Colleague: 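Structure below; questions to follow.
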Amino acid sequence: MDRGKRAAVALALVIIVIVAGVGAYLILSAGAPEEDLSWVPTITPYVDDRAGVMSYSDYVDLDEFCYEVELNNTCQVAVLIVNTTQPIGINDYAIKTFEKNGIGQEGKDNGVLFVFSDSEKAWRVVTGAGVSDILNGARLTELRQLYLDPYLESGDYSTGIKLYVHSIGQELVDNYSSSGEASSGNTFLGITLAWWQWTLIVLVVVFLVVGTRGRILIWIPYLILSLIGKGGGGWGGGGTGGGGARGRF
């Protein structure tokens with residue numbers, strides 16, 4: 001067998017191994033039980049008060065301010081106020097809500113979520129990985145002591161929430177730059193990959209199209225729709241590293 005034929009056979013074997021691996025992964029992941037996230041609320045931007053804690057004027061002012069923050073530098077700040085986060089608990093409740101709604105811009109992860117539980121007398125701030133340096137634990141503590149704690153102690157929750165979230169948003173306005181992208185490479189439907197990864201994918205697709213005589217093409221629209229549908233709640237599809245702050249009063 002000449003060198004050209006051996007190279008072709010080797011390439012075919014590599015592609016077969018890749019396809020087999022992807023197929024095995026899809027089969028195994030399809031059989032794994034998915035976590036039930038039906039309880040996770042969908043936040044309607046930007047302030048979602050489900051417990052009637054905020055006054056109307058504070059609600060409107062804060063919602064407009066959060067809109068201006070995103071308009072200014074693409075950062076997304078969301079507020080969710082509920083009666084209780086049980087039986088989940090405020091920490092997991094806040095993180096799951098952040099992740100399912102996709103707060104912040106995809107690829108920048110520049111979102112912030114403030115969750116306030118009225119009956120539990122607890123609150124949690126979750127930050128995206130792209131703003132965790134600006135809104136680190138020490139800075140969030142400083143802002144909390146200045147703008148949140150005094151009003152929680154006096155029972156004026158509405159003013160405390162408004163001022164604390166406003167101070168968080170102002171930190172982003174003053175210190176976050178949206179001029180650069182957080183990721184590099186070629187992006188399609190929110191997926192960022194290097195050129196060689198796209199080349200490998202194209203080779204696999206060509207192999208599958210030839211091997212199935214084109215029948216695999218009927219699945220492409222379903223794949224595209226599933227990728228487009230990954231974002232939730234009308235937000236940007238950002239993620240979190242789990243950073244932020246929490247407290248009780």
Side-chain angles (χ1 to χ4, degrees), residues 39-72 75-101 103-104 110-128 131-132 134-176 233-235 238 240 242-249:
W39 57 268
V40 178
T42 298
I43 302 176
T44 302
Y46 294 87
V47 181
D48 194 340
D49 183 1
R50 304 187 178 197
V53 169
M54 300 195 72
S55 68
Y56 178 75
S57 59
D58 286 344
Y59 171 88
V60 171
D61 289 346
L62 186 57
D63 193 73
E64 291 180 352
F65 174 74
C66 292
Y67 167 75
E68 291 171 359
V69 170
E70 182 174 7
L71 196 65
N72 177 276
C75 292
Q76 293 182 334
V77 180
V79 178
L80 177 62
I81 304 172
V82 295
N83 284 312
T84 182
T85 63
Q86 294 302 321
I88 308 300
I90 194 163
N91 185 58
D92 289 343
Y93 187 98
I95 291 175
K96 294 296 185 184
T97 300
F98 187 111
E99 292 175 342
K100 184 175 179 181
N101 283 269
I103 300 168
N110 55 356
V112 179
L113 171 64
F114 176 81
V115 175
F116 184 93
S117 177
D118 188 24
S119 67
E120 295 169 274
K121 298 296 183 284
W123 57 269
R124 175 75 158 96
V125 176
V126 182
T127 58
V131 296
S132 59
I134 299 171
L135 296 171
N136 54 57
R139 185 55 179 155
L140 288 171
T141 297
E142 292 175 358
L143 297 176
R144 183 206 78 206
Q145 292 171 343
L146 287 172
Y147 300 106
L148 184 62
D149 288 352
Y151 295 97
L152 295 182
E153 292 172 2
S154 66
D156 188 358
Y157 302 162
S158 181
T159 300
I161 292 171
K162 173 186 173 182
L163 294 181
Y164 186 46
V165 175
H166 190 284
S167 69
I168 289 173
Q170 194 61 50
E171 284 290 306
L172 297 176
V173 170
D174 294 339
N175 299 294
Y176 180 83
W235 298 87
T240 175
R246 74 189 76 178
R248 294 186 179 274
F249 55 96

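If you're wondering where the values come from, they're calculated on a predicted model, not measured in any experiment.
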Colleague: Does S55 use its side chain to pair, donor to acceptor, with the backbone of D58 at less than 3.5 Å?
Modeller: yes
Colleague: Contact between S158 and D156 at the side-chain level, heavy atoms closer than 4.5 Å - yes or no?
Modeller: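 Yes; the side chains approach each other to less than 4.5 Å.
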Colleague: Please assess T127 against I168 for the test side-chain contact (heavy atoms from CB on, under 4.5 Å), listing each intermediate value before the final yes or no.
Modeller: CA-CA 10 Å; T127 58; I168 289 173; over 6 Å; no
Colleague: Is it true that atom CZ of F65 has more than 12 heavy atoms of other residues, nucleotides or ligands lying nearer than 6.0 Å?
Modeller: yes
Colleague: Measure the spacing between CG of L113 and CZ of R124 and express it to the nearest 0.5 Å.
Modeller: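 Result: 9.0 Å between the selected atoms.
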Colleague: Decide yes or no for L80 and F98: does some side-chain heavy atom of the first lie under 4.5 Å from some side-chain heavy atom of the second?
Modeller: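 No - every pair of side-chain heavy atoms lies 4.5 Å or more apart.
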Colleague: Look up atom OH in Y93 and atom OG1 in T84, then write down how far apart they are to the nearest 0.5 Å.
Modeller: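 So the gap between those two atoms works out to 8.5 Å.
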Colleague: Does D61 reach the side chain of K162, with side-chain heavy atoms less than 4.5 Å apart?
Modeller: yes
Colleague: Quick one: list whatever passes salt bridge (charged side-chain N to carboxylate O under 4.0 Å, His left out) with D149, sequence neighbours left out.
Modeller: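 Salt bridge (charged side-chain N to carboxylate O under 4.0 Å, His left out) check on D149 returns R144.
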Colleague: Indicate the atoms forming the closest heavy-atom contact of L172 with C75, along with that distance.
Modeller: CD1-CB, 3.9 Å
Colleague: Which heavy atom of Y164 sits nearest a heavy atom of L140, and at what distance?
Modeller: OH-O, 3.2 Å
Colleague: Working to the nearest 0.5 Å, report the span between OG1 of T97 and CH2 of W39.
Modeller: 5.5 Å
Colleague: Taking D49 for its side chain and M54 for its backbone only, find out whether a donor-acceptor pair lies under 3.5 Å.
Modeller: yes
Colleague: Any side-chain heavy atom of V165 within less than 4.5 Å of one from V77?
Modeller: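 Yes, at least one pair of side-chain atoms sits under 4.5 Å.
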Colleague: Are the side chains of S119 and Q86 in touch, meaning some heavy atoms are under 4.5 Å apart?
Modeller: no
Colleague: Can you tell me how far CD1 of I95 sits from OG1 of T240, rounded to the nearest 0.5 angstrom?
Modeller: 6.5 Å
Colleague: Say you draw a straight line from CG of D48 to CD1 of I43; how long is it, rounded to the nearest 0.5 Å?
Modeller: 6.5 Å
Colleague: Within a strict 4.5 Å, meaning less than it, do heavy atoms of the T42 and N101 side chains meet?
Modeller: yes
Colleague: So do the side chains of V112 and F114 get within less than 4.5 Å of each other, counting heavy atoms only?
Modeller: no
Colleague: To the nearest 0.5 Å, what is the distance between OH (Y59) and CD (E64)?
Modeller: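 So the OH of Y59 and the CD of E64 are separated by 10.5 Å.
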Colleague: Who are the ring-ring contact (aromatic ring centres under 6.0 Å, His included) partners of Y46, not counting sequence neighbours?
Modeller: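 For Y46 the ring-ring contact (aromatic ring centres under 6.0 Å, His included) partners, ignoring immediate neighbours, are W235.
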Colleague: Between Y151 and F249, is the ring centroid distance below 6.0 Å?
Modeller: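 Not under 6.0 Å, so no.
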Colleague: Does any non-hydrogen side-chain atom of L148 lie less than 4.5 Å from one of L143?
Modeller: no
Colleague: Assess whether atom OH of Y157 is packed by more than 12 heavy atoms of other residues, nucleotides or ligands within 6.0 Å.
Modeller: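 Counting neighbours around OH of Y157, more than 12 heavy atoms of other residues, nucleotides or ligands fall under 6.0 Å, so yes.
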Colleague: Scan residues 164-173 for pairs that pass salt bridge (Lys or Arg N to Asp or Glu O under 4.0 Å), counting only residues two or more places apart or in two chains.
Modeller: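 Pairs touching residues 164-173 that pass the test: R139-E171.
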